[in-house]
Number of protein chains: 4
Amino acid sequence: MQVNNVETLFQKTLQDSDLTAKQQAVLSVSLNLFAAQGFDRTSTSEIAQAAGVSEGTVFKQFKTKDGILRAIIDPVLDQVIPMAATEFMTEIDAAKITDFENFLSYVLEDRMTFALENQQQIKVFAQEIIRQPSLIQVLLNKVQTLITSKVGDIFRNFQASGQLVDWPVSQIARYIVGTIVSYVLPQILFQLDTNFDVKQASHDAAKFLARGLAPEK
Amino acid sequence: MQVNNVETLFQKTLQDSDLTAKQQAVLSVSLNLFAAQGFDRTSTSEIAQAAGVSEGTVFKQFKTKDGILRAIIDPVLDQVIPMAATEFMTEIDAAKITDFENFLSYVLEDRMTFALENQQQIKVFAQEIIRQPSLIQVLLNKVQTLITSKVGDIFRNFQASGQLVDWPVSQIARYIVGTIVSYVLPQILFQLDTNFDVKQASHDAAKFLARGLAPEK
Amino acid sequence: MQVNNVETLFQKTLQDSDLTAKQQAVLSVSLNLFAAQGFDRTSTSEIAQAAGVSEGTVFKQFKTKDGILRAIIDPVLDQVIPMAATEFMTEIDAAKITDFENFLSYVLEDRMTFALENQQQIKVFAQEIIRQPSLIQVLLNKVQTLITSKVGDIFRNFQASGQLVDWPVSQIARYIVGTIVSYVLPQILFQLDTNFDVKQASHDAAKFLARGLAPEK
Amino acid sequence: MQVNNVETLFQKTLQDSDLTAKQQAVLSVSLNLFAAQGFDRTSTSEIAQAAGVSEGTVFKQFKTKDGILRAIIDPVLDQVIPMAATEFMTEIDAAKITDFENFLSYVLEDRMTFALENQQQIKVFAQEIIRQPSLIQVLLNKVQTLITSKVGDIFRNFQASGQLVDWPVSQIARYIVGTIVSYVLPQILFQLDTNFDVKQASHDAAKFLARGLAPEK
DNA sequence: AATGAATGAGTCTTCATTCAT
DNA sequence: TATGAATGAAGACTCATTCAT
């Protein structure tokens with residue numbers, strides 16, 4: 001079972017861009033600082049110093065401090081998410097998993113890994129959402145059309161095969177996402193377990209969800 | 001079934017304090033501004049203006065901008081949370097609910113209501129946690145001793161009566177909390193449904209949880 | 001030989017005034033704080049707190065912060081100095097000291113004691129002079145007319161009796177004052193010797209001055 | 001007889017530093033303003049305006065208002081004083097003055113000139129000492145080791161040649177310094193004589209001191 | 001492209017002063 | 001007379017941004 005490695009995706013974004021080494025340093029350092037201490041608590045001079053460049057250089061490429069933030073978030077929105085989503089859906093299709101609990105286990109592990117490997121970007125993203133809730137709409141819009149029909153189909157398949165309760169898609173998705181979040185969020189915010197067992201966790205959670213979402217007798 | 005009304009608790013905190021009307025206005029306005037646009041994005045002059053007082057007045061009582069934040073958060077930590085927890089536990093005891101799904105339904109409605117009624121404070125609290133994750137430890141320490149044993153007892157009772165699966169307390173709690181969050185967080189961050197049906201939601205969620213947490217056959 | 005005790009003079013000033021106990025506390029505390037940390041570095045709220053009165057009370061009597069300063073300095077200018085000068089001159093007259101070195105010894109001890117006993121007021125005064133050099137003119141004008149003729153007479157007597165060199169009064173006075181200052185200033189600024197022997201010092205200094213100011217052979 | 005010209009030393013400090021023209025203007029203007037109206041009475045916006053720079057520029061280099069003060073005082077402590085002391089001692093050695101009164105005359109003129117040419121810095125320094133008396137200890141520690149032995153040797157030579165009374169070095173030094181101060185301090189605080197005759201003054205003072213410090217018959 | 005000195009609007013904070021009680 | 005809450009002008013300092021080199 002192959003799992004998305006999105007750690008590479010940020011670096012891939014860096015490499016794909018025609019940014020100089022210094023500009024990449026600026027972006028990379030900004031990601032870490034924004035994640036660690038928040039956008040507002042990070043000054044551009046701090047970024048310059050940490051990146052080992054002059055203050056002018058920080059603005060040469062990204063124009064404004066907000067430009068840096070967008071340079072971090074936009075790829076997530078524009079490329080990472082859709083790409084991941086497509087990849088993800090394709091993989092699911094390819095896997096042709098017919099057992100619902102196995103399906104869940106696969107999905108949970110994949111998404112937990114994704115989240116844990118992109119902690120920094122997610123943290124920055126989360127902070128930004130608090131400030132600008134409309135972001136989540138943008139995100140949803142991008143993923144929704146892509147996923148909805150697909151997910152709907154998948155759910156309907158499992159419902160047809162008598163493995164999934166006949167609730168609205170949104171409700172079922174809510175419980176699944178909520179369960180993922182309940183594992184991942186604490187890990188991201190505070191490093192509780194440094195060696196968090198994704199496999200075990202996704203297995204446990206899949207079992208719980210499969211039963212909670214089983215059709216009523 | 002009586003539900004905690006904690007909207008009153010912030011105002012009660014205000015009234016209990018010997019703050020003047022203007023100081024209360026400062027605190028009240030700060031709560032809203034911090035929740036709406038974040039601590040760092042709210043200037044003290046903005047607070048002063050919104051509260052209809054001079055900028056000096058803001059600092060007369062609270063000394064620093066951080067002092068205002070503490071004046072909002074500390075009561076939550078020191079009084080509201082423990083008090084709510086105690087009340088909550090007492091009510092559960094009094095209710096003597098023997099059916100697990102009914103128990104869940106009760107708990108979910110109570111906590112969802114609590115969260116929704118204190119959106120502002122929770123939002124400020126959440127933002128502060130991102131900045132200072134140690135806060136959650138403080139919170140947990142305060143609630144833990146109070147709840148742990150009690151919750152453990154309750155879970156063990158349901159396990160003894162064959163209504164609850166034999167998983168670790170922390171895991172069971174994780175799924176319950178995760179489910180609550182999956183309903184409440186979107187509501188708090190973005191006002192999706194202005195008329196969110198707590199009763200329906202807690203009923204649905206209770207059914208889902210009760211089945212997911214039922215003992216294995 | 002009786003020496004001026006001007007420590008009492010400040011308190012006498014306090015008592016002579018029809019200030020309430022609280023107002024006296026304000027003045028007294030201000031003197032100490034101004035001397036210790038400077039006028040500009042002392043806030044009126046600090047004074048209020050140290051005096052154990054409300055902030056309003058500080059202004060009730062003295063109107064402004066500068067008013068407090070004047071209430072400390074003016075008496076020195078208006079009463080203490082002239083009074084001391086008069087007393088001093090009278091004493092000198094009464095003492096009828098014919099030996100120049102004895103005269104110097106007497107004068108030095110008297111003035112050193114005066115200075116040491118009024119360290120606080122002198123320190124405040126000194127600080128204020130830096131800020132407002134015209135003050136020294138005011139002081140000089142007040143003392144000059146009073147002293148000049150008298151001192152001139154005395155010096156001329158000692159010159160006539162062949163004990164004092166025939167230099168201008170201002171020059172002779174300069175050396176005497178300079179010598180006093182060389183002993184007293186270090187004591188006031190930094191408490192070098194906590195037990196400074198005024199008697200010994202004035203005796204030594206008198207010997208030095210008497211010889212330095214002896215007529216040329 | 002060549003006399004230290006220390007007016008140049010502040011400017012030399014400026015030139016030695018790699019400060020931009022604007023930063024030098026800030027320092028130069030600050031020196032004058034601090035001297036004229038005191039550190040606490042000088043606002044950073046006032047400095048910026050007088051230096052013809054923005055307020056940000058003032059802080060870019062010196063970080064804090066206190067940083068400006070240190071940039072003015074530290075060179076005096078770290079370089080000017082020791083350098084001057086060394087130069088001074090070397091000159092004295094080179095001069096090989098055997099007559100005590102001539103020696104005093106030389107020393108007095110040199111030091112008076114030094115003081116008068118650095119009025120501003122001395123005034124700032126003096127104000128700072130009132131606020132932070134420990135500064136004088138720092139100063140003394142720096143000069144002491146350098147001078148003590150040397151001065152002690154010189155005094156002992158004059159004592160051996162029967163031109164200097166057998167008093168403790170500290171006492172002799174006190175009278176000399178006191179006499180210098182009696183001439184210089186009034187000049188610095190209030191510009192009494194704009195055309196003050198250093199040569200005449202040092203000559204007069206040397207005569208006075210030489211006699212006052214002559215050995216007892 | 002990179003630098004870093006310079007900018008100035010904006011931020012938090014202090015403080016002398018006032019005034020209703 | 002005394003209080004202390006309230007004021008608002010002014011202060012030190014920060015920081016995103018610009019521009020000449």
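Computed from heavy atoms alone, side chains included, the values below leave out hydrogens, waters and symmetry copies.
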- Query: Given atom CD1 of I47(D) and atom P of dG11(F), what is their separation to the nearest angstrom?
  - Reply: 11 Å
- Item | Listed once per pair and sorted, the salt bridge (charged side-chain N to carboxylate O under 4.0 Å, His left out) pairs that draw on residues 50-67 of chain B, sequence neighbours left out | K60(B)-E55(C)
- Message: Return a single string for nucleotides 13-21 of chain F, one symbol per nucleotide in 5' to 3' order, where B is base contact, S is sugar-phosphate-only contact and - is none, cutoff 4.0 angstrom on heavy atoms.
- Response: BB-BBB---
- Message: With a 4.0 Å cutoff (strictly under), does any side-chain N or O of Q23(C) reach OP1 or OP2 of dT1(F)?
- Response: no
- Let me know the distance between CD of Q37(B) and P of dT11(E), rounded to the nearest Å. 11 Å
- Would you mind reading off the distance between F34(C) atom CZ and dA16(E) atom C1', rounded to a whole angstrom? 12 Å
- In Å and rounded to the nearest 0.5 Å, what is the OG to CD distance from S28(A) to Q23(A)? 12.5 Å
- Task: Report the distance from atom CG of L33(C) to atom P of dA16(E), rounded to the nearest whole Å.
- Result: 12 Å
- Task: Both distances under 3.5 Å, Watson-Crick or G-U wobble: on that basis, could you give the dot-bracket string for DNA chain F, with [ ] for crossing pairs and | for other-strand partners?
- Result: .||||||||||||||||||||
- Item | side-chain contact (heavy atoms from CB on, under 4.5 Å) assessment of S30(B) paired with T42(B) | CA-CA 8 Å; S30(B) 296; T42(B) 306; over 6 Å; no
- Task: Test side-chain hydrogen bond (donor to acceptor under 3.5 Å, both in side chains) on Q127(A) and Q127(B) and set out the steps.
- Result: CA-CA 8 Å; Q127(A) 288 175 36; Q127(B) 289 175 36; over 6 Å; no
- Query: So, Q24(B) side chain and L19(B) main chain: donor-acceptor pair closer than 3.5 Å or not?
  - Reply: yes
- Message: Less than 4.0 angstrom between a side-chain N/O of Q61(D) and OP1 or OP2 of dG4(E), yes or no?
- Response: no
- Message: In this structure, how many angstroms lie between the C1' atom of dA16(E) and the CZ atom of F62(C), rounded?
- Response: 16 Å
- Side-chain N or O of S54(D) less than 4.0 angstrom from OP1 or OP2 on dG8(E)? no
- Message: Is it the case that the side chain of T57(D) and the backbone of V53(D) share a donor-acceptor pair, with hydrogens and angles ignored and the cut-off at 3.5 Å?
- Response: no
- Message: If you assign V53(B) and A21(C) each to the DNA chain F nucleotide with the nearest heavy atom, which residue ends up on the more 5' nucleotide?
- Response: A21(C)
- Enclosure of Q49(A) CD (heavy-atom neighbours >12, cutoff 6.0 Å): no
- Take L69(D) and F34(D) through the side-chain contact (heavy atoms from CB on, under 4.5 Å) test and state the conclusion after the steps. CA-CA 9 Å; L69(D) 183 60; F34(D) 289 170; 4.1 Å; yes
- Message: To the nearest 0.5 Å, what is the distance between CZ on R70(C) and CG on L77(C)?
- Response: 12.5 Å
- Item | Protein-nucleotide distance (Q49(A), atom CD; dA5(E), atom P), rounded to Å | 13 Å
- Item | Atom-pair distance (CG on L19(C); P on dT1(F)), nearest Å | 10 Å
